[in-house]
Amino acid sequence: MADTLEVALAQRADLDKYGSNKRLLFALQMVYGIDDIETVATSALTDGSNDKACDLLYIDRGTSRVVLAQGYESADATKKEAKAAKAASLGQAVNWLLSNNEPVGVSEVLLSAWRELRDALTDAAIDDLEIWYVHNLPESENVERELIAARDGARALLRQNYPDVDINVSSVEYGRTRLNDRYVASRTPILVSDSFTVQVPGAFEETGDKWTALCTSVPASWIHEKYRIYGADLFSANVRGYLGSRRSQSNINNGIQQTVREEPGQLWPYNNGITALVHSFRFDASSGTVEITGLTIVNGAQTTGAIGSITASEVGESRLMARFIQCNDPETVLRIVRYNNRQNPTQATDFRSNDGIQTRLVKEFDTLGVVGYTGGRRGGAEDVIRRPGENQLSTSIAAQALAAFHGGSDIAYHEKSKIWEQDAIYSSVFPDRIDAPHILFVSSLLRAVEEQKTLLGQIPTQERTGDQNELLEWFGLRGSIMLAVEAIGASFETILESAISDKYALRFADNLTVPEAMDLWRPIVESLLALAPDQLREPLTTPGALRNREAVAKAVNSFRSLVVSARRINKATYAPFAEKVAF
């Protein structure tokens, strides 16, 4: 019988176009709960004929994380282990990526990746660097040794070239067993099935429809011990797990640790405690103990991780509130997990999930028949890695498309979390007058641009024209897709041959699905992208990239001027599209 993971992976036909990188992207999406992996893939994948042993470089300033990965898909799945040489080659990727000097002899695509990583490290925007080797064979000691060497090399280079930043460096081999375990854990509410006894000062029970709960107070030392033993398995039902402790007064996890160290008696009133699902519980009033079987923390992962990440001697006498819930109804369990997870503001979209504008947009998309737009509300891991439907649009990608189309490609690419976190940016991207048809309009443009990159990459090298090679190389520059959306957005009066008083009023005249909208965009995108390699290159190859707004403005204005000059030539392309647009 095939592994559970292999069955799920086979069903993800949407990732087939990425070839040998399909498993790598699936792993990234599953481990970090990425709701739209295709947009990530268009910038993060660096795989090519001269990729310098780096298939993927994922940089996320919002979570302060970098993943450097190499993928391998063996045609013979019966082999006992993956090629250790490919794991060893990650050391090569570490050397050129973490060099403080601009690498020589690499493609412009890889140079663009190096610049983005260097900027993030220089800005102290990264807390974690992870080195992955993802493949379809069993894990091995040979591979582990090579990954440890790459990890240690990365640590040394970071200390040498970026002495002012403190970054946690780790390495992991996601072979068939480990990746399957992660997948099973994402679908299994309670992975830790052992029995425990904990001393408590007292307890009381609550009972509801299909659930019972025990409320009590537990020693922080008990939490510390369980985290040390089980680690991330404690969070099998929690969609995020522990995020780490940044050394910042504004970081809640660092604050928890500070309270435990300096004011241990105050942890109980300062902290909300933990909520956990269990198979069963029993309170013995005579001995003052609670016996628990099974444990997964659905609210309080950050508290648990923060306490578990300090030394046992630092925990002291701190205590915290605990709720243990027993429930055998799958639907109720799902709701418990979802609603408890919503309370933790660990993703930027959470800050707006109850916003009136987002609530209205969710209803509007439902009316349009478009699925996936949640307004920032998240489900569990199953929701993230399910096979997507064609008429689907994620909230995060919609926000990026809006920001880019309305002149903020830098925000859309580099600082997408700020769309949700900063009021001024949020209100400019999601003004009160915004509606679902406009979001569908700009998001389908983003999708159509992404599609062009994918289609070009699928043409055999020997069959590509010079222009196609030039455009594909430009697409490899980080931020190119968001810059293209901004440039096309800036050219819209020319495309429609009409003045536009409010770009937020743009929409398709008919109620279209996402694929139907992409079909309308396709000839426009194909025509305009021919200008991109010459007109939209400079901002992507100079220091600061899209953050250099002067260079971006200059490039976009130059692009728009050429669109104007070629208006008559392209009228046959623009006119049919303009007839389908309302504003």
Side-chain angles (χ1 to χ4, degrees), residues 12 14-18 21-22 24-47 55-63 65-67 69 109 112-113 116 347-349 370-374 376 378 383-405 408-420 429 439-457 474-486 488-489 514-515 517-518 521 525 529 540 545-546:
R12 288 297 299 274
D14 60 302
L15 298 179
D16 286 345
K17 57 180 170 286
Y18 299 108
N21 288 319
K22 177 179 180 177
L24 176 53
L25 291 171
F26 185 86
L28 185 68
Q29 182 178 33
M30 177 174 62
V31 172
Y32 288 120
I34 298 170
D35 58 359
D36 196 306
I37 193 62
E38 293 198 39
T39 293
V40 168
T42 57
S43 61
L45 286 178
T46 57
D47 191 17
D55 290 339
L56 177 142
L57 182 64
Y58 173 62
I59 303 171
D60 187 351
R61 285 174 174 250
T63 59
R65 178 183 294 117
V66 169
V67 176
V109 171
S112 177
E116 183 180 354
Q347 286 189 12
T349 52
V370 177
V371 299
Y373 192 94
T374 63
R378 288 165 289 149
D383 298 311
V384 172
I385 59 178
R386 68 189 183 282
R387 182 179 179 180
E390 290 187 342
N391 195 27
Q392 182 163 313
L393 174 64
S394 79
T395 307
S396 58
I397 298 310
Q400 287 180 276
L402 283 167
F405 186 83
S409 57
D410 55 326
I411 296 294
Y413 184 74
H414 290 295
E415 306 287 357
K416 57 185 179 183
S417 63
K418 288 185 177 179
I419 297 172
W420 307 96
V429 174
I439 296 177
L440 176 62
F441 184 81
V442 298
S443 297
S444 57
L445 166 60
L446 174 59
R447 282 286 182 237
V449 176
E450 291 175 342
E451 180 189 58
Q452 285 301 302
K453 178 180 180 179
T454 300
L455 292 175
L456 283 173
W474 176 84
F475 264 130
L477 301 177
R478 299 221 158 192
S480 59
I481 288 174
M482 296 303 169
L483 180 57
V485 173
E486 177 174 348
I488 293 172
V514 174
M518 289 173 61
W521 276 113
V525 168
L529 284 180
L540 304 174
L546 295 178

K.L.:
For side-chain contact (heavy atoms from CB on, under 4.5 Å), just list the numbers for F475 and V109, CA-CA rounded to whole Å, side-chain angles, deciding distance to a tenth of an Å, and then say yes or no.
P.N.:
CA-CA 8 Å; F475 264 130; V109 171; over 6 Å; no

K.L.:
Side chains of Y373 and Q392, heavy atoms from C-beta outward: is any pair under 4.5 Å?
P.N.:
no

K.L.:
Do the non-hydrogen side-chain atoms of V371 and N391 ever get within less than 4.5 Å of each other?
P.N.:
no

K.L.:
Could you verify whether a donor N or O on one side chain and an acceptor N or O on the other, from E486 and Y413, lie under 3.5 Å apart?
P.N.:
no

K.L.:
Stepwise, does the side-chain contact (heavy atoms from CB on, under 4.5 Å) test hold for M482 with L446?
P.N.:
CA-CA 8 Å; M482 296 303 169; L446 174 59; 4.1 Å; yes

K.L.:
Under 3.5 Å, side chain of Q400 to main-chain N/O of A412, donor-acceptor pair present?
P.N.:
yes

K.L.:
Can you tell which of L546, I59, L57 makes a side-chain contact (heavy atoms from CB on, under 4.5 Å) with E116?
P.N.:
I59

K.L.:
Would you say the side-chain atoms of D16 and Y18 include a donor-acceptor pair closer than 3.5 Å?
P.N.:
no

K.L.:
Do you see a donor-acceptor pair shorter than 3.5 Å between the side chains of S444 and W521?
P.N.:
yes

K.L.:
How many angstroms lie between OG1 in T63 and CG in D60, if you round to the nearest 0.5 Å?
P.N.:
3.5 Å

K.L.:
So does R12 get a backbone contact from the side chain of K22, meaning a donor-acceptor N/O pair under 3.5 Å?
P.N.:
yes

K.L.:
Just verifying a value: how many Å separate T42 OG1 and E451 CD, rounded to the nearest 0.5 Å?
P.N.:
12.5 Å

K.L.:
Between L56 and T46, is a side-chain contact (heavy atoms from CB on, under 4.5 Å) present by the stated rule, with each step listed?
P.N.:
CA-CA 5 Å; L56 177 142; T46 57; 5.5 Å; no

K.L.:
Once you round to the nearest 0.5 Å, how far does OG1 of T395 lie from CD1 of I439?
P.N.:
8.5 Å

K.L.:
Verify, without hydrogens or angle tests, whether Q29 (side chain) and I34 (backbone) share a donor-acceptor contact under 3.5 angstrom.
P.N.:
yes

K.L.:
Do the charged groups of R447 and E450 touch, with an N to O distance under 4.0 Å?
P.N.:
yes

K.L.:
Test side-chain contact (heavy atoms from CB on, under 4.5 Å) on L445 and I488; report intermediate values, then the result.
P.N.:
CA-CA 9 Å; L445 166 60; I488 293 172; 4.0 Å; yes

K.L.:
Supply the atom-to-atom distance L483 CG to D410 CG, rounded to the nearest 0.5 angstrom.
P.N.:
10.0 Å

K.L.:
Which heavy atom of R478 sits nearest to which heavy atom of L540, and what is that distance?
P.N.:
O-CD2, 3.5 Å

K.L.:
Please give me the minimum heavy-atom distance between V442 and A401, naming the atom from each residue.
P.N.:
O-CB, 3.8 Å

K.L.:
Judged by atom type as modelled, is there a donor-acceptor pair below 3.5 Å linking the side chain of D36 to the main-chain atoms of I397?
P.N.:
no

K.L.:
Closer than 3.5 angstrom, by distance alone: can the side chain of S112 be matched with the main-chain N or O of L477 as a donor-acceptor pair?
P.N.:
no

K.L.:
When rounded to the nearest 0.5 angstrom, what is the spacing between CZ in F441 and CZ in F405?
P.N.:
5.5 Å

K.L.:
Using a 4.5 Å cut-off on heavy atoms from C-beta on, say whether the side chain of D55 contacts that of L45.
P.N.:
no

K.L.:
Is any side-chain heavy atom of S409 less than 4.5 Å from a side-chain heavy atom of V485?
P.N.:
no

K.L.:
Should the pair K453-E38 be classified as a salt bridge under the 4.0 Å nitrogen-to-oxygen rule?
P.N.:
no

